[in-house]
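Here is the structure we will look at, set down as structure tokens.
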Amino acid sequence: MNSLNRVVIFGATSAIAEHTARQLVQNGASIYCIGRNTDKLNRILSDLKVRAGNDQTIAGVSADLTDTNQHLALIEQASTALGGLDAALIAHGTLPKQKACEADVTLALQEIHTNALSVVSLLSLLANQFEAQGKGVIAAISSVAGDRGRQSNYVYGAAKGMVSLFMQGLRNRLASKGVSVVTIKPGFVDSPMTADFDKSGPLWAKPEIIAKGIVNAMQKGKGEVYLPWFWYMIMQVIKHIPEAIFKRLSL
Amino acid sequence: MSRLQSWNRLPQCSPDKIWTLTEHAIPAAEHAPHPLLAYGNGRSYGDVCLTDKGTLLHTCALDRFIAFDRKNGILRCESGVTLQSILQLVVPQGWFLSSTPGTQYATIGGALANDVHGKNHHTQGSFGHHVRAFELIRSTGEVLLCRPDHNADMFRATVGGLGLTGLLSWVEIQLMPINNPSMWVESQRFSNLEHFWQLNAEAERQWPYTVAWIDCLASGNAQGRGILFTGKHAASQSHLPCYKERSKRVPFDPPISLVNGLSLRSFNALYYRQPVKPQGSLCHYAPYFYPLDAIQDWNRIYGHKGFYQYQCVLPPQLAADATAQLLDVIAQSGQGSFLAVLKTFGSQDSVGMLSFARPGTTLALDFPNKGDKTLNLFNRLDAIVSEAGGALYPAKDARMPASLFQSGFPNWERFSNFIDPAFSSHFWRRVTL
């Protein structure tokens with residue numbers, strides 16, 4: 001079991017990250033939260049402070065994670081505030097509008113920068129630090145959308161696919177070094193990011209359910225997890241449809 | 001878009017849009033068409049939390065604590081926090097809600113907007129008596145900090161104001177100290193209404209919590225027979241009983257209501273004969289205050305047609321007669337509920353302009369929805385309540401006529417000056433025709 005006593009969360013204002021933070025705090029963790037929206041970040045920090053015990057540190061800073069130049073400094077700040085790091089969760093991201101990305105290549109590249117390149121930057125820096133300390137958990141929220149390109153969502157899907165593949169290699173590199181690299185692949189999550197979707201179907205999950213799965217996967221040092229579990233079955237089917245057929249489907 | 005219902009699944013109304021609030025702000029009109037109404041956790045029984053046009057502002061993501069003063073028992077949190085979350089935080093630290101309704105799944109915003117009451121109304125008043133402050137966001141762009149002595153009129157309009165005065169972003173309440181999570185409870189049987197009034201008067205002098213269950217189908221000499229439950233927070237114990245939460249779930253909607261004449265009669269007859277504990281015993285607070293919360297989705301037992309709750313308050317002088325008349329009519333009809341609850345309110349003035357709790361006696365019953373048959377019964381009950389000068393509880397109502405609302409809540413016209421111009425509910429349009 002991995003220790004999760006000192007955790008830094010990037011993109012802490014996302015609904016999934018906030019609920020993960022609550023569960024980690026409930027398990028006694030100290031948390032350093034990094035998020036873009038200062039007002040929301042402060043409200044989350046106040047909440048976590050009310051929930052935390054006297055000996056837990058709850059701190060954070062607001063930052064724009066698309067600015068990769070800041071990444072090293074942010075990791076150092078978190079490590080100083082918590083007295084070292086046991087784990088990191090990378091949860092920031094956006095859900096771009098596919099049609100808008102098709103019409104505007106600058107937007108498409110920007111979305112790929114936010115959802116893939118900035119994550120790769122954090123993963124690389126954290127990997128070197130955790131490799132040197134010989135332990136730790138690096139988790140990042142990818143997506144089932146990264147398992148196969150679909151016309152409705154391939155800019156986001158490609159970015160998440162890159163994150164998944166990069167982490168796969170990283171996991172392979174760090175497996176013998178005592179560092180767990182955990183790829184989280186949530187399906188449909190009922191959160192503000194998906195506010196405009198019809199959520200009446202059975203496939204939608206609450207962020208607190210996803211959060212429970214994330215904490216469990218981080219503790220156990222799992223490799224790739226689909227959350228909830230049934231997405232594994234769904235994606236196995238989707239991944240195995242022959243391309244000749246798949247290209248004609250409207251997915 | 002997901003459906004949002006009230007707990008009794010009546011009436012059915014779909015808004016144009018559901019907006020999940022993430023900020024302490026009202027969304028712009030181009031994203032969220034007016035009129036607006038906040039929706040918490042859907043635990044009221046009727047349409048105070050519903051609208052059939054405009055936007056429902058879902059507060060489920062406004063679920064953060066803001067500050068907890070452990071020394072003085074003062075908690076500030078966002079309006080979508082449930083009472084359950086509050087209790088999970090504060091009970092182990094020796095604090096409890098000063099006033100709580102019969103479900104812990106209600107949100108603090110909903111508890112304030114309906115000025116809910118509990119079994120300790122005769123000693124502590126209702127929820128609004130323990131609200132120290134709240135922030136109200138108005139569609140006009142104003143953000144008002146309200147306290148009993150600051151923006152006092154808006155404070156009194158918003159407590160019990162059915163969510164119509166604007167959007168609550170946070171609420172600050174005063175908690176009360178407890179020794180441990182247990183309650184000391186006693187129960188005693190009473191054989192009819194007259195017996196109830198005697199026992200209850202005595203119990204109210206001695207106990208902070210009192211409530212009675214009555215068999216609404218018993219008639220004649222046994223009319224109003226039931227069990228009086230009294231309780232108080234337990235003293236420090238040398239040994240606390242262990243408590244394990246075991247909640248069950250009603251897994252699906254039965255095709256017809258499981259509450260019918262046969263099941264009702266047998267349940268009530270058996271329940272009346274349960275072993276009472278006049279000598280007292282310890283009980284964890286959850287099964288004491290929230291017995292129905294142990295059965296998740298219990299509203300499903302009434303089937304997809306849903307059910308009505310009928311809760312009235314009757315003025316003290318006429319309460320005894322009017323209660324007997326109501327029970328007569330209900331027993332004759334053969335309709336009625338497992339949970340008929342009788343409780344007397346204390347004499348404190350309510351905080352809110354539209355607060356329901358007032359000196360007198362309150363009777364609450366659930367009725368399966370049998371269409372016109374049920375609605376006709378309610379008309380007969382309304383006549384008795386109206387004649388006695390009583391009122392029906394908006395939080396539990398899906399059908400009262402406008403005339404009964406207006407006679408029961410004479411401040412309604414003054415209150416309407418405080419309504420936010422962009423806010424309205426299905427309930428409000430129905431009772432102010």
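Naming convention: chains lettered A, B, ... in sequence-line order (proteins, then strands); numbering from 1 in each chain. As a basis for the values below, the full set of heavy atoms in this structure was taken, side chains included, without hydrogen atoms, waters or symmetry mates.
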Hey, are the side chains of A:V50 and B:R64 touching, using non-hydrogen atoms and a 4.5 Å cut-off?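 Answer no - side chains too far apart.
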Side chains of B:T22 and A:R43, heavy atoms from C-beta outward: is any pair under 4.5 Å?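 Contact flag for B:T22/A:R43 side chains = no.
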In Å and rounded to the nearest 0.5 Å, what is the SG to CG distance from B:C60 to A:D190? 7.0 Å
Side chain, backbone, both or neither: which part of A:I44 has a heavy atom under 4.5 Å from chain B?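 Interface part for A:I44: both.
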Against chain B, label A:N42 side chain, backbone, both or neither, depending on which of its atoms sit under 4.5 Å from a heavy atom there. neither
Would you mind checking which part of B:I66 comes under 4.5 Å of any heavy atom in chain A, side chain (CB onward), backbone (N, CA, C, O), both or neither? backbone
Quick one: what part of B:A61 sits under 4.5 Å from any heavy atom of chain A, side chain, backbone, both or neither?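 When you check distances to chain A, no heavy atom of B:A61 falls under 4.5 Å.
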Please check if atom [atom1] in [X] has more than 12 non-hydrogen atoms from other residues, nucleotides or ligands closer than 6.0 Å.
X      : atom1 : value
A:R36  : CZ    : no
A:K222 : NZ    : yes
B:Y290 : OH    : yes

Quick check: closest heavy atoms across B:E23 and A:D39, and the distance to 0.1 Å? OE1-OD2, 3.7 Å
One option among B:H24, B:Q88, B:R70 has the most heavy-atom pairs under 4.5 Å with chain A, and it is B:H24
